[in-house]
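Reading through the C-alpha cells given below for one structure.
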Amino acid sequence: MPGPIGSQGGALLSTTLIRSGTLLCMDAAGTVATVDLLVRDDRIAAVGDRVPAALAQLPSGRPDRTIDASGAFVLPGLIHGHVHLCQTMFRGLAEQADLLHWLRESIWPFEAAHTEASLAASAQLGVAELVAGGVTCINDMGTVHHTEVIGEVLEASGLRAVFGKALMDQGEGVPAGLLESTDRAIASAVAVVDRFHGGASGRLSVSLAPRFILSCSHALWDEVRRVSTDRDLIVHTHLSENAGEGEAVQAAVADTATRYFSNRDVLGPRFVAAHGVWLEDDELNMLADADAVLVHCPSANFKLGSGMANVRAWKERGLRCGVGADGPPCNNRLDTFHEMSLAAKISRIVSPVRPLTAREVLELATCEGARALGLGDRVGTLEAGKQADIVVIDATALHQAPNAADDPYTTLVHASRATDVRVTMVAGRVLYENGSMTTLDPDRVRRDAEREARALRARAGKVKAT
Ligand SMILES: [Zn+2]
C-alpha cells in the first residue's frame, strides 16, 4: 500500500512568523491588513500589533522560522465541505450527463471494485491535489468498504478532516458489492468512529454518511438518527441534487427528501447535506428551523446537468452553508478556486437582485465552511487562539495584475487559481510550500494512482481502449 514519506517531513515547528502578507482574517469585523502573524505550536499566537510582544516572550526573541508572505494574501485555510476521495481514481472515467446514470453505470461499479491499495492511492491523490490547492480541511463521504484506509491516509497526511463510511443498504442499480445489511452498515461505521473520531490530536472527526435517500432504508435512517444523537456525530448526505433523482425519491417515499427527513426526525444541527438544488421554500424553512447545513457544489451541479442552487435563498434563512467540489469525476478537479468562481457567477443568474458578494463566497470556503462542520470555534478565521490552519496565496501573477490588492476578495474569487498557493499549513505544520509537499511525494502519488487505476478499471470491466 502506498504510504507517506519522511516521518520527519513537515515536523511541527514551535514558532513560525508569517511576515508582511495581506491578511484576510475572515473575522466578523472583516479585517484586511498588511501585517505579520505569529504561529506557536498548533495555534495562532498573535496577529498584527500584538506580534512584537508575542515575539518578545519567546526565549530567543525570534521565531524558529519565518515565511515571507510579501506580495501574497494570507487567509484561513480553505475548507472543502463535500468531497469523495475514493472517486479521485475515476477522474475522466464517468462522463455521463445525468446523476443516476453516472452513479449506476460508472461510479458505483468503480467503488465496488476498490481494494485497500486502490482506495489508499485514490485518497492520497485527492489529498495531494487539495493540499497543493490551499485546502486545510475536508468533509469526505468515504465509501462502503475499507474506509479505515481513508482514515489512515488522512491521519498521515496532516490534513484536517471530517470523514465517514458511506452507508448503503438498498437501492436500484447498487452493485451487490456495495450493499450491506442495515446492522452491518451501522456496525462498521461505528467501528470507524471508535477508531478515528477525535484522533490525530483532534484533526480527525468521523461522521455518519448515509449516501442518499435512494440507497438507504427507513431502518437505516432511524439508526443514523439514533447513533448520531448518541455519539454527537455529523450526518453527511446528499439532498435534492437532481430533478430525476427527485422524481425517484417521490416514487420511493411519496414525498420529497427533506420532508421525509423532517418526518423521521433526521434533520438537526448535525445534518450536513450536499447540493440542495431543487429545494422548495417550505423545505428550506424546515432545514433552517432545524439549524441544518447545506453545501454548495456548483461545478458538479453543472457537469451532471443538475441545476443551479440558490445560495442567497439559503443565507436569507440563516442556514449555515459551505462549498465543495464533490467527487473528481464530476468537475473534473478538486479546486476550491474553481468552485468559488462558479458560485459567484451562478449567484448573479439565480439571484440577480442580490447576488453573493466575493467576500460572501470566500466565507463559504473559510469561516462559514468551518461553522457548517461545527468547527467554527477552532478554524475558519485568522484570530489568536484559533488553530493555525493558514494558506498563503501569491498575488503577483499576471492573471491577477494590475489591481490585485485593491479588492482581495474579488481577486481571490474571480482571478486566482489553485496554482497561486504558496503555502498550506494545518495546525502549525506546513504541508505544502512552493511546489513541495512534506507528508506526500507527488510523483509517487501519481505513479501509484496510475498503476492502481489501471488495475481498478480492469476489475470493474471498464478497461479503456488505448
Ligand atoms: Zn457527493
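Counting starts at 1 for both ligands and their atoms, following the listed order.
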Between Arg417 and Asp420, is there a side-chain N and carboxylate O pair less than 4.0 Å apart? no
With a 4.0 Å cut-off, would you call Glu450 and Arg447 a salt bridge? no
Taking Asp194 first and then Arg231, would you say they form a salt bridge - that is, a charged N and a carboxylate O separated by under 4.0 Å? yes
Polar protein atoms (N, O or S) that approach the Zn ion (ligand 1) to under 2.8 Å: His82 NE2, His84 NE2, His238 NE2, Asp326 OD1
Decide, yes or no, whether a salt bridge links Arg259 with Asp282 under the criterion of side-chain N to carboxylate O below 4.0 Å. yes
Flag the pair Arg195 and Glu155 as a salt bridge only when some basic side-chain nitrogen lies within less than 4.0 angstrom of an acidic carboxylate oxygen. no
Take a 6.0 Å sphere around CZ of Arg264 and say whether it holds more than 12 heavy atoms from other residues, nucleotides or ligands. yes
